[in-house]
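Since the structure comes first, as structure tokens, the remarks are kept for the end.
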Amino acid sequence: MPKQEEGSMPEQNTEVLLEAAEMSIFPRISLKPEVTEYLKSVFLNKEVLAAVGHQEADCRFQKLLTCLSHPPSYTCVRISTHLAPLEEIRHKLGEELKKQQMCSSSAQDVSVQILPHPRITDVLLLPVDGPRAVEQLSSEVVVGAQCGSAVLRGAHVFAPGILASSKYMKAGDVVSVFSDLEGRCTRGMTSFQGKKVFVGNGVAEMDRSSIFCTDEPARGVGVRMVEPLYRSPSFDGVLPSLAFLQNLPSVVVGHVLGPRPGERILDMCAAPGGKTCHIAALMKDQGEVVALDRIRNKIDRIRQNAQMLHLHSVKAYCFNSTQAVSGDFAQENEGPPFPPESFDRVLLDAPCSGLGQRPNMGSTWSLKEICSYPPLQRKLFHAAVRLLKKGGVLVYSTCTVTLAENEEQVAWALETFPCLTLQPQEPHIGAEGMPGARLSPEQLRLLQRFSPELSWDQAETTTPLQCRADGDTIGFFIAKFLKN
């Protein structure tokens, strides 16, 4: 493809950018140029161009860069239907959120809808109010990109996320909160003139000296958001055993795996335990769900989540899943490593580049870092296939948008493991797989790729939430295999 002269832009690109700009409030996700070019080569690969043409392919890519920096238009809550019926929990949640509103004078004009998902029986959807007209103030607080993204999903600002504040900030001051886009703000600065975006106003809960000038890192809420740019309810302490915040595609994964009571199931990369606990709940807490993760404090989090959700079938171990297969078929140890063919179903929610997460206004990762995941994913895949019983189900998932970590891994797996065949997924509410990995149209239809760029036109329209929720998600990928 011939290079464009610097500063020039094809006519169709201009139209795309103008269209996206009308619906966007933040700039496109900030990536290193080499990463942007790599993603462009993915979304404008030869198979995609042959299927939809250059203009449509480029349009989708530009929309992807824009929608990644914006939050979805709703909050997804997974309901503990193993403990109580959905409608009962829906009512309790409504009462709790009303109490929350009454405690916030600035939120008296906001009514919270709680809508059941039309196809997924343990999901409730809460519309997000935004972007809202919020006036910026002279006193500023700058937070890290991860903290800024959490604010856009309804969180307050916790002290560890604060990078800079005005020199004389005191508890009780009303401040504007900005997110550092490029990771260039140094902790403790009194002002920051770099690339940043406004995410809302809040009230400081701590003095500056308490945040930056202490021997031990400050903890707790540093700024309580009162006028966020995107308003959604805070779930801090709200029905912790009955309502669990989880992205919609992550809930879909558990249903696609299809766990049944009495089975033994492995979650290979389980932290923080949301999918593990969902699997146990779908099994009615009957059977065994083994959760592995290589970082010990993450294992503690999994156990805490299982305990909070009153699930007793979860067994969590600190272990490297690439080494989870024992050579001894007769081994009877309870924990890892396990003999081959020990599990009825295996979930490999693999470590990945995470380029589908929303909102994500900036990433400082290099192309080398982005491309470092496929070899690890393949090591995990080898272990997963060996640990799965004949006739068992393996589900592979990621929260990224690259071909190398998604469709290309499926093509590799089908070639490497003749015992694996792709299976239909239920529910299948995302799009099909992306062309570019030499998979057949029939194989692509069996894959499930959540592609928010395909529904970005509807994300901020009057289309009913329950109709647009399945498209306005994080970027995510799911493949389901049967071991013959």
- Message: Checking F235 now: which residues fulfil ring pair (Phe, Tyr, Trp, His ring centres under 6.0 Å) with it, not counting sequence neighbours?
- Response: none
- Query: Sub-3.5 Å donor-acceptor pair from the side chain of Q377 to the main-chain atoms of P351, do we have one?
  - Reply: yes
- With sequence neighbours excluded, what pairs up with E37 under the salt bridge (charged side-chain N to carboxylate O under 4.0 Å, His left out) test? none
- Query: What residues, two or more places apart in sequence or in another chain, satisfy salt bridge (charged side-chain N to carboxylate O under 4.0 Å, His left out) together with R378?
  - Reply: none
- Query: Got a second to check how far D122's CG is from T81's OG1, nearest 0.5 Å?
  - Reply: 5.0 Å
- Partners meeting salt bridge (charged side-chain N to carboxylate O under 4.0 Å, His left out) with R445 (sequence neighbours left out): E442
- Distance-only, no hydrogens or angles: does the R132 side chain make a donor-acceptor pair with backbone N or O of P228 under 3.5 Å? yes
- side-chain contact (heavy atoms from CB on, under 4.5 Å) against C147, all qualifying residues, sequence neighbours excluded: V143, V157
- Task: Could I get the full list of ring pair (Phe, Tyr, Trp, His ring centres under 6.0 Å) partners for H310, not counting sequence neighbours?
- Result: none
- Query: So, R449 and E407, do they make that salt bridge, N to O below 4.0 Å?
  - Reply: yes
- Query: Listed by chain and number, what are the salt bridge (charged side-chain N to carboxylate O under 4.0 Å, His left out) partners of D180, not counting sequence neighbours?
  - Reply: none
- Sub-3.5 Å donor-acceptor pair from the side chain of R231 to the main-chain atoms of G130, do we have one? no
- Message: Here's a test for you: under side-chain contact (heavy atoms from CB on, under 4.5 Å), which of N247, V252, V401, D472 qualifies with F450?
- Response: V252
Name every donor-acceptor pair, under 3.5 Å, that has one atom in a side chain of residues 291-304 and the other anywhere in the protein, sequence neighbours excluded.
from	atom 1	to	atom 2	distance (Å)
D293	OD1	I295	N	3.2
D293	OD2	A271	N	3.4
R303	NH2	A316	O	2.6

- Residue pairs passing the side chain to side chain donor-acceptor pair (under 3.5 Å) test with at least one member in residues 233-246, sequence neighbours excluded, are R78-Q246
- Query: Are K92 and E95 within salt-bridge range, i.e. N to O under 4.0 Å?
  - Reply: no
- Message: Could you check whether any side-chain heavy atom of F417 comes within less than 4.5 Å of a side-chain heavy atom of H382, counting everything from C-beta outward?
- Response: yes
- Taking the side chain as every heavy atom from C-beta outward, state whether P27 and L181 have any pair of such atoms under 4.5 Å apart. yes
- With sequence neighbours excluded, what pairs up with Y396 under the ring pair (Phe, Tyr, Trp, His ring centres under 6.0 Å) test? F381
- Counterpart residues, ring pair (Phe, Tyr, Trp, His ring centres under 6.0 Å), relative to F178 (two or more places apart): F198
- Item | Non-neighbouring partners of T400 that pass side-chain contact (heavy atoms from CB on, under 4.5 Å), sequence neighbours left out | C352, S353, L355, T398, T402, E405, N406
